[in-house]
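Each remark here refers to the structure printed beneath this line.
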Amino acid sequence: MSFRDQVAADIDGVFMNLDEFAETHTINGETVTAVISGNETKKKVGSRNFEGLHGDFTTVSVKKSLLKAIPAQGQNLKLDGKLYKVEKCVDNMGLLTVDLAVYRMGGG
């Protein structure tokens, strides 16, 4: 078995396994198996952003073949009913890692 074959087997058998790491989520209206990590709220300070700007950030890992389109930076993406902006999307041998953010003014 080649390295690529082993990676593909691990994506299905381990990372996207509902008995291991993955859960069922909705991405842009499609029900998929995915791993959500890094759900957190941060306050942006000391950057070119406005004082008091807060953001919710999350990362979703999903098999590329499960989505109709690959998310692109700056696009909207709806994850489990919440609208985010795509900050970055990386294809790791068929497993997409998508960094998402939503910004708001005011309290954290």
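Considering all non-hydrogen atoms of both residues, P71 and V98 come closest at CG-CG2, 4.2 Å. In this structure, D56 and Y84 approach most closely via the heavy-atom pair O-CE2, 4.1 Å. Summarising the geometry of T33 relative to V62, their closest heavy-atom pair is O-CG2, 3.7 Å, with the distance given to 0.1 Å.
Among residues two or more places apart in sequence or in another chain, the side chain to side chain contact (heavy atoms under 4.5 Å, CB included) test is passed with K64 by I70, D91, L96. Scored by the side chain to side chain contact (heavy atoms under 4.5 Å, CB included) test, T24 finds L18, T31 as partners (sequence neighbours excluded).
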Residue pair I36, H25: steps toward the side-chain contact (heavy atoms from CB on, under 4.5 Å) verdict: CA-CA 9 Å; I36 306 295; H25 293 277; 3.3 Å; yes
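For the atom pair L77 CG and K82 NZ, the distance stands at 12.5 Å (nearest 0.5 Å). Distance check: E30 CD to K68 NZ gives 5.0 Å after rounding to the nearest 0.5 Å. For the atom pair CG (N28) and CG (L79), the distance works out to 9.0 Å, reported to the nearest 0.5 Å. Separation of atoms CG (D80) and CD (E23) is listed at 9.0 Å; rounding is to 0.5 Å. Rounding to the nearest 0.5 Å places CD1 of I27 at 5.5 Å from CG of L67.
Remark: the backbone N or O of T59 is not paired with any side-chain donor or acceptor of D99 at under 3.5 angstrom. Remark: side-chain polar atoms of E20 are not paired, donor with acceptor, to backbone N or O of N17 under 3.5 angstrom.
You'll find the side chain of T97 reaches within 4.5 Å of the side chain of N92, heavy atoms only.
Within a 6.0 Å radius of CD in Q75, more than 12 heavy atoms belonging to other residues, nucleotides or ligands are found.
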